[in-house]
S.K.: 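Sharing a structure here in structure tokens format.
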Amino acid sequence: MKKYSVSEVLRGVAPIGAEVTVQGWVRTRRDSGAGLSFIALHDGSCFATLQLVAAAGLANYETDVMKLSAGCSVTVSGQVVKSAGKGQDVEVTVSSLTVVGWVDDPETYPIQPKPHTLEFLREVAHLRPRTNIIGATMRVRDCLAQAVHRFFHENGYYWIHTPIITASDAEGAGDMFRVSTLDMANLPRTEAGAIDWDQDFFGREARLTVSGQLNVETYCLALSKVYTFGPTFRAENSNTRRHLAEFWMIEPEIAFADLAADAALAEAFLKYIFKAVLEERADDLAFFAKFVDKTVISRLESFVSSEFAVMEYTDAIRYLKDAKVKFEFVPDWGCDLQAEHERYLTETVVGRPVAVVNYPKDIKAFYMRMNDDGRTVAAMDILAPGIGEIVGGSQREERLDVLDARIAEMGLNRDDYWWYRDLRRYGTVPHAGFGLGFERAVMYATGADNIRDVIPFPRTPRNAKF
RNA sequence: UUCGGCAUAGCUCAGUCGGUAGAGCAAGUGGCUGUUAACCACUGGGUCGGGGGUUCGAGUCCCUCUGCCGAAGCCA
């Protein structure tokens, strides 16, 4: 008997009357009257469960079927039939049921057929994928990840695997995790008493990357259209619902391009991946809309159908100063936009996603391209209703003399950037790119309000248990 | 890291004025002729996060530690 997924049976891939085998985990069992049990089976292939109808005539009805509890794994063969009950179109009349794995001590099985708090589910991260909400989230996460690669592939971009381990001091953004094979209880010392990194694995200090951007720029200046999509690490002791110590980042980089091209790319990209979720994961989105965030579907539909606005930072500050509402932080030219400012701009001023461009140079990174006014750089943040900043990007400084001046101005060590500077010495071109925290996108698409619930195994300060 | 909140049954929670522990769900047993996170009845289930203190007596008050959550900072 051919095996089908729950999704295939429900979608009619196995037609009415077909004999099928399905395998999965029991979510609930209901017994009705003398001699009929209804089993809700899930296998992760879609949101819905498949109803199995087991009659008392089965040889192992009393010994097995009547003992099934949530979480038991089973292999079931039977016939696909039109359901005699309400609530589902098709179901499977069981001809044989084999218990593959029992749940010992059902009372302590953490995943009960009832709502759990997300905080509790984080404590059982190894079992939470069996819940509706985590299963749905991870299907959406996969859908987004596949769409990311599909978008770039269809548009001629190459996926560059930038390194996880880096010996570069130049990445800048935040505290880094150290990578070392030295014996920490007995560190080798130089004559001067410092730790002798020359004896470490790489012969120098090494850390986990906080961004693939600088590395991917090198491939951009050869393959023209490239992107990275991989894990990044921040050792910041930040404990918020929006931060992880290990998260995935998407960073495209385009050659012969300016900030406008960068913004256009971000718009096409974001619309593409969210459209994919709307088209491919309607079942999971319906669940989120019902139980997590009522606006999630309309928000995504509005996002993919609206034309993004573009707004100068200087104008944004003026809008904020003229705003009738009172902000906790007073907006002022030269200050970074606070979350409350970003929400106001995108939700109240323009009412759709907006790219805010050309920020003061003093609040942005050294590699961002200096504008002709000498006081702003070609940076952009894309703000979206309901979330605020979703993408940050910039045109990169391609002029060696200007780059060197910026490095000096910010007190950085020019020698640390020798290979980055080489890109400006040998065939430099204008180029631009942006970064998107992948989990932020998953949060936006699912309505989740804690980032720990959109990654399989969250890594946060004092938490790496699983 | 700073500020605030929380910690009681497998889960979600109640517990009044300090007087010796409760409910719903889950689990177990039985019932019900097609159920929809079924329904009905009964049963079992607790070192009240750890440590210390006040008190005749602490789930309850105080101190401390740990963990979790939220906001801020930082950022993606």
Side-chain angles (χ1 to χ4, degrees), chain A residues 26-40 42 48-56 66-67 69-71 81-88 91 93 103-124 127 131-133 172-175 210-213 231-251 287 291 328-329 336-340 342 363-365 381-382 387-393 434-444 449-455 460-463 465:
Chain A
V26 172
R27 181 154 279 143
T28 62
R29 188 196 91 226
R30 295 180 293 272
D31 309 312
S32 186
L36 211 52
S37 288
F38 300 91
I39 297 157
H42 69 98
T49 54
L50 174 64
Q51 175 155 284
L52 309 172
V53 184
M66 289 299 285
K67 292 194 166 71
S69 61
V81 298
K82 201 164 163 4
S83 179
K86 292 173 182 145
Q88 58 281 317
E91 61 193 21
T93 302
V103 166
D104 59 67
D105 194 5
E107 183 166 8
T108 62
Y109 180 62
I111 310 302
Q112 300 172 2
K114 57 165 283 186
H116 293 91
T117 60
L118 291 163
E119 291 82 2
F120 170 71
L121 292 176
R122 283 173 216 145
E123 293 170 13
V124 286
L127 295 171
T131 61
N132 279 331
I133 190 165
D175 294 338
V210 295
S211 164
Q213 183 200 310
T232 51
F233 308 86
R234 303 279 167 92
E236 297 282 352
N237 185 18
S238 67
N239 226 305
T240 81
R241 29 175 285 268
R242 302 181 309 282
H243 291 85
L244 291 167
E246 176 182 298
F247 64 101
W248 286 59
M249 193 145 62
I250 299 153
E251 293 168 298
F287 171 80
F291 291 107
E328 190 184 340
F329 293 90
D336 212 349
L337 299 178
Q338 298 290 324
E340 57 178 343
E342 294 177 341
I363 58 172
K364 289 295 180 183
D381 280 349
I382 291 181
I387 187 171
E389 181 188 338
I390 187 163
V391 156
F434 64 82
L436 167 70
F438 183 57
E439 283 74 19
R440 299 274 174 91
V442 182
M443 289 173 77
Y444 192 68
D449 58 27
N450 194 309
I451 200 167
R452 297 172 180 99
D453 301 321
V454 301
I455 189 168
T460 53
R462 308 197 59 80
N463 182 11
K465 190 156 122 194

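Predicted model, so just to flag it, every value in this text is computed and none were measured. Sequence lines set the chain letters: A, B, ... in the order given, protein chains first and strands last, and positions in each chain run from 1.
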S.K.: Look at all strands and tell whether A:T232 reaches a base, only sugar-phosphate, or nothing, counting heavy atoms closer than 4.0 Å.
M.R.: nothing

S.K.: Using whole Å, what does the distance between atom P of nucleotide B:A27 and atom CG of A:D104 come to?
M.R.: 15 Å

S.K.: Using the C1' atom on both, measure B:U36 against B:C69 and round to a whole Å.
M.R.: 34 Å

S.K.: Count the heavy atoms belonging to other residues, nucleotides or ligands that lie under 6.0 Å from CG of A:D104, then report whether that count exceeds 12.
M.R.: no

S.K.: Picking from B:A76, B:U36, B:G34, which would you name as closest to the side chain of A:S83?
M.R.: B:G34

S.K.: Please determine whether a side-chain nitrogen or oxygen atom of A:R452 lies at a distance below 4.0 Å from atom OP1 or OP2 of B:G70.
M.R.: yes

S.K.: Under a 3.5 Å limit for both distances, which nucleotide forms a Watson-Crick or G-U wobble pair with B:U29, could you say?
M.R.: B:A41

S.K.: Let me know, please, whether A:I451 or A:V53 comes out on the 5' side of the other along RNA chain B by nearest nucleotide.
M.R.: A:V53

S.K.: Looking at B:G10, I'd like to know if its phosphate oxygens (OP1 or OP2) sit under 4.0 Å from a side-chain N or O belonging to A:T108.
M.R.: no

S.K.: Tell me whether the rings of A:F120 and A:H116 are parallel (<30°), tilted (30 to 60°) or perpendicular (>60°).
M.R.: parallel

S.K.: As an exercise, state the distance from CD of A:Q112 to OG of A:S69, rounded to the nearest 0.5 Å.
M.R.: 10.5 Å

S.K.: Would you mind classifying the nucleic acid contact of A:E123 as base, sugar-phosphate or nothing, using non-hydrogen atoms under 4.0 angstrom?
M.R.: nothing

S.K.: Could you tell me the Watson-Crick or G-U partner of B:C56, where both distances fall under 3.5 Å? Say none if there is no partner.
M.R.: B:G19

S.K.: Could you tell me how far B:G19 sits from B:G31 if I compare only their P atoms? Round to whole Å.
M.R.: 44 Å

S.K.: Using a heavy-atom cut-off of 4.0 Å across all strands, would you classify A:T117 as base, sugar-phosphate, or nothing?
M.R.: sugar-phosphate

S.K.: From CD of A:Q112 over to P of B:G28, roughly how many Å is that when rounded to an integer?
M.R.: 11 Å

S.K.: Without decimals, in angstroms, what is the distance between A:F38 CZ and B:C32 P?
M.R.: 16 Å

S.K.: Please classify the nucleic acid contact of A:Q51 as base, sugar-phosphate, or nothing, using heavy-atom distances under 4.0 Å.
M.R.: base

S.K.: Rounded to whole angstrom, note down the C1' distance from B:G5 over to B:G18.
M.R.: 24 Å

S.K.: Rounded to the nearest 0.5 Å, what separation is found between the NE2 atom of A:H42 and the CG atom of A:L50?
M.R.: 12.0 Å

S.K.: Taking CG from A:D453 and C1' from B:C69, how many angstroms apart are they, rounded to a whole number?
M.R.: 12 Å

S.K.: Just N and O in the side chain of A:R462: are any of them under 4.0 Å from OP1 or OP2 of B:G67?
M.R.: yes

S.K.: In whole angstroms, how far is the C1' atom of B:C75 from the CZ atom of A:R234?
M.R.: 7 Å

S.K.: Is it the case that B:G67 (base atoms only) and A:E119 (side chain only) share a donor and an acceptor within less than 3.5 Å, ignoring hydrogens and angles?
M.R.: no

S.K.: Would you compute the distance between atom CD of A:E342 and atom CG of A:D336 and round it to the nearest 0.5 angstrom?
M.R.: 7.5 Å

S.K.: Heavy atoms from C-beta onward define the side chain here; which of B:C74, B:U12, B:U36 lies closest to that of A:S238?
M.R.: B:C74

S.K.: Would you say B:G73 has OP1 or OP2 under 4.0 Å from some side-chain N or O of A:Q338?
M.R.: yes

S.K.: Stacking check: are the rings of A:F247 and B:A76 less than 5.5 Å apart at their centres and under 30 degrees in tilt?
M.R.: yes

S.K.: Between B:U47 and B:U43, how far is it from one C1' atom to the other, in whole Å?
M.R.: 24 Å

S.K.: Map A:N463 and A:A70 onto RNA chain B by nearest heavy atom, then report which one ends up closer to the 5' terminus.
M.R.: A:A70

S.K.: Would you kindly give the CD-to-C1' distance between A:E342 and B:C75, to the nearest whole Å?
M.R.: 11 Å

S.K.: Distance criterion of 3.5 Å, no angle test: do you see the side chain of A:H243 paired donor-to-acceptor with the base of B:C75?
M.R.: yes

S.K.: I'd like the C1' distance from B:G70 over to B:A27, given in whole Å.
M.R.: 34 Å

S.K.: What integer distance in Å separates A:L36:CG from B:C39:P?
M.R.: 18 Å

S.K.: Kindly say whether A:D453 contributes a backbone atom to a donor-acceptor pair with the side chain of A:R122 at under 3.5 angstrom?
M.R.: no

S.K.: Atom CD of A:E107 to atom C1' of B:A27: distance rounded to whole Å?
M.R.: 4 Å

S.K.: Can you tell which of B:A72, B:C68, B:A76 lies closest to the side chain of A:E389?
M.R.: B:A76

S.K.: Say whether, by atom type as modelled, one donor and one acceptor occur between the side chain of A:R29 and the main chain of A:M66 under 3.5 angstrom.
M.R.: yes

S.K.: Take atom P in B:G50 and the same atom in B:G67, then report the distance between them in whole Å.
M.R.: 15 Å

S.K.: State whether A:N450 places a side-chain N or O below 4.0 Å from either non-bridging phosphate oxygen (OP1 or OP2) of B:G70.
M.R.: yes

S.K.: Between B:A37, B:C11, B:U35, spot the one nearest the side chain of A:P115, thanks.
M.R.: B:A37

S.K.: Report yes if at least one side-chain N or O of A:R30 is closer than 4.0 Å to OP1 or OP2 of B:A38; otherwise report no.
M.R.: yes

S.K.: Given the C1' atoms of B:U20 and B:G57, what is the spacing between them in whole Å?
M.R.: 9 Å

S.K.: Does the side-chain hydrogen bond (donor to acceptor under 3.5 Å, both in side chains) test come out yes or no for A:R462 and A:N239, once each step is laid out?
M.R.: CA-CA 10 Å; A:R462 308 197 59 80; A:N239 226 305; over 6 Å; no

S.K.: Among B:C75, B:U36, B:A37, which is the nearest nucleotide to the side chain of A:P113?
M.R.: B:A37

S.K.: Counting only Watson-Crick or G-U wobble pairs whose two distances fall under 3.5 Å, which nucleotide matches B:C6?
M.R.: B:G67

S.K.: Which distance, rounded to the nearest 0.5 Å, do you find between the CG of A:D31 and the CG of A:L36?
M.R.: 9.0 Å

S.K.: Using a 4.0 Å heavy-atom cut-off across all strands, classify A:N239 as base, sugar-phosphate, or nothing.
M.R.: base

S.K.: Could you please name the partner base of B:C74, counting Watson-Crick and G-U wobble pairs only when both distances are under 3.5 Å?
M.R.: none

S.K.: So, does A:R241 get its side chain near the phosphate of B:A71, meaning an N or O under 4.0 Å from OP1 or OP2?
M.R.: yes

S.K.: Could you tell me how far B:G22 sits from B:U16 if I compare only their P atoms? Round to whole Å.
M.R.: 13 Å

S.K.: Over all strands shown, is A:F329 touching base, sugar-phosphate only, or nothing at heavy-atom distances under 4.0 angstrom?
M.R.: sugar-phosphate

S.K.: Just compare B:C69, B:C25, B:A76 and give me whichever is closest to any side-chain atom of A:L244.
M.R.: B:A76

